[in-house]
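First, the structure itself, so that you have it in front of you.
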Amino acid sequence: MTFGEAIRTVLRKYAEFGGRASRPEFWWWMLFYVLVASALNVFGVIRIGETSSLGAILSSLWGIAVLLPTFAVGVRRLRDAGYGWGHIFWLLVPIAGIIVLIVFWAQPARDRVSSPTAGQAAS
């Protein structure tokens with residue numbers, strides 16, 4: 001998947017939390033997210049009032065605009081790596097949480113294998 005395909009896919013699946021996201025799709029999206037946020041922060045030199053800057057406002061608006069697709073691709077990537085959607089709550093743990101998620105997101109795709117039912121013997 002190329003950079004442009006990944007961006008189109010994530011934006012097309014704006015709020016779709018079901019399914020899976022490949023590693024290239026996820027990491028290209030994260031690169032795009034950081035590049036745009038960084039570019040918008042360049043406008044930080046333009047002051048608006050005493051406490052705010054144009055860069056901070058634009059960067060905040062960008063973050064709000066792509067919050068949902070970023071969470072959605074993160075959840076889909078967790079699912080593709082074999083983890084449940086609940087692991088996204090690692091984001092609530094300062095510093096260590098993002099490290100845990102980066103490790104999970106970096107894992108290769110895994111097929112979910114269903115476990116045998118209670119009455120069946122494992123082979």
Side-chain angles (χ1 to χ4, degrees):
M1 176 172 282
T2 66
F3 181 76
E5 290 172 346
I7 304 312
R8 281 190 298 277
T9 301
V10 171
L11 292 176
R12 191 179 70 246
K13 297 179 177 182
Y14 191 88
E16 187 176 315
F17 287 83
R20 302 173 104 176
S22 65
R23 279 192 290 186
E25 177 184 342
F26 176 79
W27 291 112
W28 281 128
W29 172 258
M30 294 309 284
L31 177 64
F32 176 68
Y33 177 87
V34 169
L35 288 175
V36 171
S38 298
L40 292 173
N41 276 322
V42 168
F43 295 104
V45 297
I46 302 172
R47 291 277 171 216
I48 298 177
E50 292 182 22
T51 59
S52 187
S53 69
L54 181 61
I57 292 170
L58 292 175
S59 188
S60 297
L61 290 173
W62 167 250
I64 291 168
V66 296
L67 182 66
L68 197 55
T70 302
F71 277 139
V73 75
V75 167
R76 291 194 313 268
R77 179 67 205 123
L78 283 170
R79 186 172 294 111
D80 189 52
Y83 300 102
W85 67 269
H87 286 286
I88 200 73
F89 291 111
W90 278 105
L91 286 172
L92 299 175
V93 179
I95 301 169
I98 192 66
I99 293 169
V100 168
L101 277 175
I102 288 171
V103 169
F104 287 172
W105 285 328
Q107 299 299 311
R110 294 190 184 136
D111 289 331
R112 286 219 165 209
V113 179
S114 58
S115 61
T117 58
Q120 298 174 338
S123 43

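The shown structure was predicted, so the numbers you read here are calculated from the model rather than taken from an experiment.
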Q | CZ-CZ distance between Arg110 and Arg20, expressed to the nearest 0.5 angstrom | A | 10.5 Å
Q | Between CG on residue Asp80 and CH2 on residue Trp105, distance to nearest 0.5 Å | A | 13.5 Å
Q: State whether the number of non-hydrogen atoms from other residues, nucleotides or ligands found under 6.0 Å of Leu67 atom CG is greater than 12.
A: yes
Q | Residues, nucleotides or ligands: over 12 heavy atoms within 6.0 Å of Trp27 CH2 | A | yes
Q | Residue pair Ser53 / Gly44: nearest heavy atoms and the distance that separates them | A | CB-O, 3.3 Å
Q: Kindly assign one of parallel, tilted or perpendicular to the pair Phe32 and Trp29, based on the angle between their ring planes and the thresholds 30° and 60°.
A: tilted
Q) Cluster question for you: counting only ILVMFWY and a side-chain heavy-atom cut-off of under 4.5 Å, with indirect links fine, are Leu92 and Val103 together? A) no
Q | Ring geometry between Trp28 and Phe3 (parallel below 30°, tilted from 30 to 60°, perpendicular above 60°) | A | perpendicular
Q) Closest heavy-atom contact between Gln107 and Ala81? A) CB-CB, 3.9 Å
**Q.** Worked verdict on Val93 versus Val100 for side-chain contact (heavy atoms from CB on, under 4.5 Å)
**A.** CA-CA 10 Å; Val93 179; Val100 168; over 6 Å; no
Q. Given the rule that I, L, V, M, F, W and Y join up when any side-chain heavy atoms are under 4.5 Å apart, are Ile64 and Val10 in one cluster?
A. no
Q.
Quick check for you: to the nearest 0.5 Å, what is the distance between Phe26 atom CZ and Leu31 atom CG?
A. 11.5 Å
Q. Hey, mind stepping through Leu101 and Leu78 against side-chain contact (heavy atoms from CB on, under 4.5 Å) and telling me if it holds?
A. CA-CA 8 Å; Leu101 277 175; Leu78 283 170; 4.0 Å; yes
Q: With rounding to the nearest 0.5 Å, note down the distance linking CD1 in Ile46 to OG in Ser52.
A: 11.5 Å
Q. With the 4.5 Å side-chain cut-off for hydrophobic clustering, are Ile7 and Met1 part of the same group?
A. no
Q: Locate the shortest heavy-atom distance separating Gly55 from Asn41; write the atom from each residue and the value.
A: O-OD1, 3.7 Å
**Q.** Under 3.5 Å donor-acceptor, Arg76 side chain and Glu16 backbone
**A.** yes
(Q) Taking Val45 as the starting point, is it possible to reach Ile48 by hopping between hydrophobic residues whose side chains are less than 4.5 Å apart? (A) yes
Q | side-chain contact (heavy atoms from CB on, under 4.5 Å) between Phe104 and Arg77, worked out | A | CA-CA 9 Å; Phe104 287 172; Arg77 179 67 205 123; over 6 Å; no
Q: Please round to the nearest 0.5 Å and tell me the distance separating atom CZ of Phe89 and atom CG of Leu91.
A: 9.5 Å
Q. Does Arg79 reach the main-chain N or O of Phe17 with its side chain, forming a donor-acceptor pair under 3.5 Å?
A. yes
Q. Taking a hydrophobic cluster as the set of Ile, Leu, Val, Met, Phe, Trp and Tyr residues connected by side-chain heavy atoms closer than 4.5 Å, whether directly or through intermediates, do Val73 and Tyr14 fall within one such cluster?
A. yes
Q) Is it true that atom CZ of Phe71 has more than 12 heavy atoms of other residues, nucleotides or ligands lying nearer than 6.0 Å? A) no
